[in-house]
Number of protein chains: 2
Amino acid sequence: MMDGHSNNPALDGEEGVARKRLPPAERRQQIVDEAVRFFAEVGLEGNTRELARRLGVTQSLIFNYFGTKEELIEAVYEKVYIGRLSPDWPERLTDRSHPLRDRLIAFYSEYSSLIFEREWMRIFMFSGLAGASLNQRYLEHLGNVILLPLLAETKALARSDRAPKMEDVWNLHGGIVYIGIRQHIYRMPEPSTPQDEIERAIEKYLQYFGIEP
Amino acid sequence: MMDGHSNNPALDGEEGVARKRLPPAERRQQIVDEAVRFFAEVGLEGNTRELARRLGVTQSLIFNYFGTKEELIEAVYEKVYIGRLSPDWPERLTDRSHPLRDRLIAFYSEYSSLIFEREWMRIFMFSGLAGASLNQRYLEHLGNVILLPLLAETKALARSDRAPKMEDVWNLHGGIVYIGIRQHIYRMPEPSTPQDEIERAIEKYLQYFGIEP
DNA sequence: AATACTATTGAGCAGATGATCTTTAAAGGC
DNA sequence: GCCTTTAAAGATCATCTGCTCAATAGTATT
């Protein structure tokens, strides 16, 4: 040690921010917030020392708030997954006083604005690859609460010779989500008019089942 | 040491396979093959000792064939990425002596059988998240060599009031690829008739541009 | 201003991990 | 059967990483 760096990362940077005490709840949240950014960038195997450095705090402090790194990751999951699926969507998606087309556009506009976000996209993918149960539960929930009702709505309007299947809804969904995957996982450029692409995907879906404006 | 385990993993298991010499080329390939399986399962941060254990070989042997772990990962990328995009597809996709529908179905049947494979899917995703340049080059290549020609083919047949965009092709592609993502990244059950879903996705795409059989 | 409380630091441990280097022994040639 | 070559093992290093715990110091209360 003593090689030009103090043990307190806050004292190393340009601005010499001295030790600062925060209310535990606030500090905890600060750690989780930064952990979301950090893990989204480098993956869940990112190490706690680097995370502490970014926080301007010692590594051991992290373990004052989380017993293990696994616990911290759980908190990150929680923070990121929570509120991503608004509970009033099932209702709005099945409100037949509006055209299905409008409901779909409203939903996917809102939903895409929530999920086409680097942190969410990447942590979702990292947790999926890691086999996190929260990930599986999320998708199950999405299927039951959003896509299944959507299938019912489609069935109610589809022309009689073409029976909608759950896989068709997944295909609509996947095609739209893939926009975000390309952008945030593969780091390809954002489409110039993502909103437009979503509407086209929906149009394509509805037209396939003979549901016209 | 000496806690019941020899340093040679091959001697620990039930079958006492003794030290076995292989021609370097063969051993090297054996290591890469196992590394593909291993990294696909646990991610690129999987450690070399566990990999060696699975090979029934000492960890240091791996470094006889690869100077660094990074080098090994490059070899894994190479092995997995190579041959995934057959060079004759551009030609076949633009062969107007067959209906576009048939060409699309032929392409995506073949392509999906190549990529709907756990190892490819997961290593592709891991490498994408890691920002591997090979990943980016692959997608660029796919865009230029497959999707762009496909856009041209669609344009040639689309009804005049609906101009196909590159994003439409990406949407078709994404919707299909998402089948594999669901299955291999999120570990959701395989659709009962994936071939069928691909054909429906293509049908949907063509119909949107008024291209009928 | 002194005191008590506790958020934060500083130091370090134990095990894991990539990598190196010397020693051993399998296999082909004589 | 001995010799040479070299694939593979064995031992070990330096560093990294999650985690622990005693010492320190910021803040609120009196």
Side-chain angles (χ1 to χ4, degrees), chain A residues 1-13 16-32 34-35 38-39 42-76 130, chain B residues 1-13 16-32 34-35 38-39 42-76 130:
Chain A
M1 212 135 286
M2 283 298 99
D3 47 14
H5 289 280
S6 80
N7 219 6
N8 182 344
L11 298 176
D12 286 337
V17 182
R19 183 189 287 198
K20 178 81 182 298
R21 284 168 84 105
L22 288 184
E26 194 174 328
R27 178 68 82 187
R28 192 190 144 94
Q29 196 185 322
Q30 185 198 44
I31 293 175
V32 175
E34 188 65 41
F38 177 57
F39 289 140
V42 308
L44 302 171
E45 330 230 351
N47 66 68
T48 55
R49 276 177 177 80
E50 168 69 11
L51 171 59
R53 206 190 52 72
R54 296 192 183 200
L55 281 159
V57 128
T58 53
Q59 182 233 11
S60 62
L61 186 64
I62 293 171
F63 289 93
N64 265 3
Y65 291 89
F66 304 91
T68 63
K69 187 186 169 186
E70 201 45 50
E71 235 178 79
L72 170 60
I73 290 176
E74 287 301 320
V76 165
Chain B
M1 210 132 288
M2 281 300 96
D3 49 11
H5 289 281
S6 79
N7 219 7
N8 181 346
L11 299 175
D12 287 337
V17 183
R19 181 188 290 199
K20 178 78 182 300
R21 284 167 84 105
L22 288 184
E26 194 175 328
R27 179 68 82 188
R28 192 190 145 94
Q29 195 185 320
Q30 185 197 44
I31 293 174
V32 175
E34 189 65 43
F38 177 56
F39 289 139
V42 308
L44 301 171
E45 331 233 349
N47 67 67
T48 54
R49 276 178 177 76
E50 169 69 10
L51 171 59
R53 207 189 50 71
R54 295 193 185 199
L55 280 159
V57 127
T58 55
Q59 181 237 8
S60 62
L61 186 65
I62 293 171
F63 289 92
N64 265 2
Y65 291 89
F66 304 92
T68 64
K69 187 185 170 187
E70 199 47 50
E71 236 178 78
L72 171 60
I73 290 176
E74 287 302 320
V76 165

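Quick note on labels: first sequence line is chain A, next is B, and so on, each numbered from 1. Computed from heavy atoms alone, side chains included, the values below leave out hydrogens, waters and symmetry copies.
Atom CD1 of I62(B) is separated from atom P of dT17(C) by 13 Å (rounded to the nearest Å). Separating the CD atom of E26(B) from the C1' atom of dA27(C) is a distance of 14 Å, rounded to the nearest angstrom. As rounded to whole Å, 18 Å separates atom P of dT15(D) from atom CD of Q59(A). Rounded to whole Å, the distance from CD1 on I31(B) to C1' on dA7(D) is 11 Å. Atom CZ of R49(A) is separated from atom C1' of dT15(D) by 11 Å (rounded to the nearest Å). If you take CG of N64(B) and P of dT24(C), they are 17 Å apart, rounded to a whole angstrom. Protein atom CZ of F66(B) is 12 Å distant from nucleotide atom P of dA8(D), rounded to whole Å. To the nearest angstrom, C1' of dA11(C) lies 16 Å from CG of L61(A).
Among dG18(D), dT8(C), dA19(C), the nucleotide with an atom closest to any side-chain atom of K69(A) is dG18(D). Among dT9(C), dA7(C), dG18(D), the nucleotide with an atom closest to any side-chain atom of R21(A) is dA7(C). In the set dT27(D), dG18(D), dA19(C), the nucleotide with an atom closest to the side chain of F63(A) is dG18(D). Comparing atom distances between the L22(B) side chain and each of dT9(C), dA8(D), dG12(C) picks out dA8(D) as nearest.
Of the side-chain N and O atoms in T48(B), one or more sit less than 4.0 angstrom from OP1 or OP2 of dG18(C). Contact annotation: Y65(A) does not reach the phosphate of dA7(C) (side-chain N/O to OP1 or OP2, under 4.0 Å). N47(B) has a side-chain polar atom (N or O) that falls below the 4.0 Å cut-off from OP1 or OP2 of dT17(C).
Among the atoms of the strands shown, none is found under 4.0 Å from any heavy atom of P23(B).
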Apply side chain to side chain contact (heavy atoms under 4.5 Å, CB included) to the pair L72(A) and F39(A), showing each step before the final yes or no.
CA-CA 11 Å; L72(A) 170 60; F39(A) 289 140; 4.1 Å; yes
Under the side chain to side chain contact (heavy atoms under 4.5 Å, CB included) criterion, do L55(A) and L51(A) qualify, and how do the steps go?
CA-CA 6 Å; L55(A) 281 159; L51(A) 171 59; 4.1 Å; yes
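In the interface, the side chain of S60(B) is paired with the base of dG10(D) through a donor and an acceptor atom under 3.5 Å apart.
Atom CD of E34(A) sits in a crowded spot, with more than 12 heavy atoms from other residues, nucleotides or ligands closer than 6.0 Å. Within a 6.0 Å sphere centred on CD of Q29(B), other residues, nucleotides and ligands contribute 12 heavy atoms or fewer.
Atom OG1 in T48(B) sits 4.5 Å away from atom CZ in F63(B) (nearest 0.5 Å).
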